[in-house]
Amino acid sequence: TIKSPFDFVSTDRQYKWTHRIAEIHLSVDSGYFDKLNDIKGYRAPITLFGYNDFDGNNFEGKHTTFHSLSAADIYDKKDLHIPRKIVALGSMDENYGWLSTYILNRTIPWVFGIGESNPYKPDHKYMQERLNEFLDDPNLVMLLVNQFNNITHPKVISLPLGVESPRELWRSIHKYARLDATKSNLLFSAGSNWAFRPTIRQCVSEKMGNLFIVNEKLSLLDYHHQL
């Protein structure tokens with residue numbers, strides 16, 4: 001039940017909150033899992049796989065550099081094992097997640113791929129098989145990711161994308177509730193004209209007609225109004 005703006009999952013485009021709650025930030029250029037060898041104690045530390053640098057303190061300010069530690073990075077580094085128990089956070093972004101999965105005609109193909117993808121090659125393995133080698137590691141307690149994925153494993157938990165401006169959304173909800181506003185369309189789309197997106201919207205529009213509303217650029221208030 002949403003009782004206040006604080007009940008929304010609040011986020012931003014670089015998911016700065018994941019950087020703050022993670023005790024250890026890992027990347028390829030920091031030696032993969034090497035930092036974990038220096039951690040003492042029995043509790044499994046929260047560990048971020050891949051992270052951003054920002055030009056402000058406490059992970060504030062403008063994003064400057066991304067340090068990768070992707071599933072492909074880990075898979076390509078043969079015989080790589082987690083040296084101690086951890087709770088892992090996959091690096092998050094507004095467009096993709098650490099385990100974002102390619103779905104034919106639904107997503108772009110470069111977001112997630114590890115190992116040999118050609119099923120006719122002798123070293124081919126299905127994505128789930130390749131990931132299980134990593135996910136079954138007894139030192140991986142849990143892996144939290146964002147965005148859609150098609151990976152089935154008891155350790156993988158997919159988090160909601162969240163809301164970038166929860167207070168503004170909260171105000172808008174109550175504003176239009178007081179005005180007794182009603183929806184005038186069945187489906188609403190707000191997006192850029194990047195690559196094939198206009199073609200997709202056109203296909204949907206041809207099927208739905210006036211029930212489908214398309215907007216390219218909206219103010220936050222107008223966006224909430226349409227929602």
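FYI, the numbering just counts along the sequence from 1.
Closest of all the heavy-atom pairs between Asp73 and Ser68 is OD2-OG, 2.6 Å. Nearest heavy-atom pair across Gly97 and Asn146 is CA-OD1, 3.0 Å. Closest heavy-atom contact between Glu60 and Phe54: O-CB, 3.2 Å. In plain terms, the two heavy atoms of Ile39 and Arg84 that are nearest each other are O-NH1, 3.1 Å. Smallest separation of non-hydrogen atoms from Pro166 and Pro5: CB-O, 3.6 Å. Pairing each heavy atom of Ser91 with each of Trp98, the nearest pair is N-CD1, 3.4 Å.
To the nearest 0.5 Å, atoms CE (Met92) and CG (Leu48) are separated by 8.0 Å. With rounding to the nearest 0.5 Å, the separation of CE in Met142 from NZ in Lys85 is 12.5 Å. Of the inter-residue distances, the one linking Ile21 atom CD1 with Leu144 atom CG reads 8.0 Å to the nearest 0.5 angstrom.
Residue pairs meeting the salt bridge (charged side-chain N to carboxylate O under 4.0 Å, His left out) criterion with at least one member in residues 26-55, sequence neighbours excluded, are Glu23-Arg43.
Looking at heavy atoms from C-beta onward, Thr47 lies out of side-chain contact with Ile82 at the 4.5 angstrom threshold. Using a 4.5 Å heavy-atom cutoff, the side chains of Phe33 and Ile74 are in contact. Using a 4.5 Å cut-off on side-chain heavy atoms (C-beta onward), Ile86 and Leu140 make contact. Side-chain contact between Leu26 and Tyr32: absent, with no pair of heavy atoms (C-beta onward) separated by less than 4.5 Å. Contact of the Phe59 side chain with the Gln14 side chain is not registered, since no non-hydrogen atoms from C-beta on lie closer than 4.5 Å. Residues Asn139 and Leu36 have side chains not in contact (no heavy-atom distance under 4.5 Å, counting atoms from C-beta outward). When side chains are defined from C-beta on, His153 counts as touching Asp136, because their heavy atoms get closer than 4.5 Å. You'll find the side chain of Ile151 reaches within 4.5 Å of the side chain of Leu135, heavy atoms only.
Not counting sequence neighbours, the partners of Phe6 by the side-chain contact (heavy atoms from CB on, under 4.5 Å) test are Ser4, Arg167. Applying the side-chain contact (heavy atoms from CB on, under 4.5 Å) criterion to His81, with sequence neighbours excluded, gives Asp137.
By the 30° and 60° cut-offs, the orientation of the rings of Phe8 relative to Trp170 is perpendicular. Taking the six-membered ring where tryptophan is involved, the planes of Tyr51 and His67 are essentially parallel, since the angle between them stays under 30° and well short of 60°. Between Phe49 and Phe134, the ring planes are tilted. Angles from 30° to 60° get that label.
Each of Phe66 and Leu69 belongs to its own hydrophobic cluster when Ile, Leu, Val, Met, Phe, Trp and Tyr are linked at side-chain heavy-atom distances under 4.5 angstrom.
Checking side-chain atoms of Lys16 against main-chain N and O of Gly61 turns up a donor-acceptor pair under 3.5 Å.
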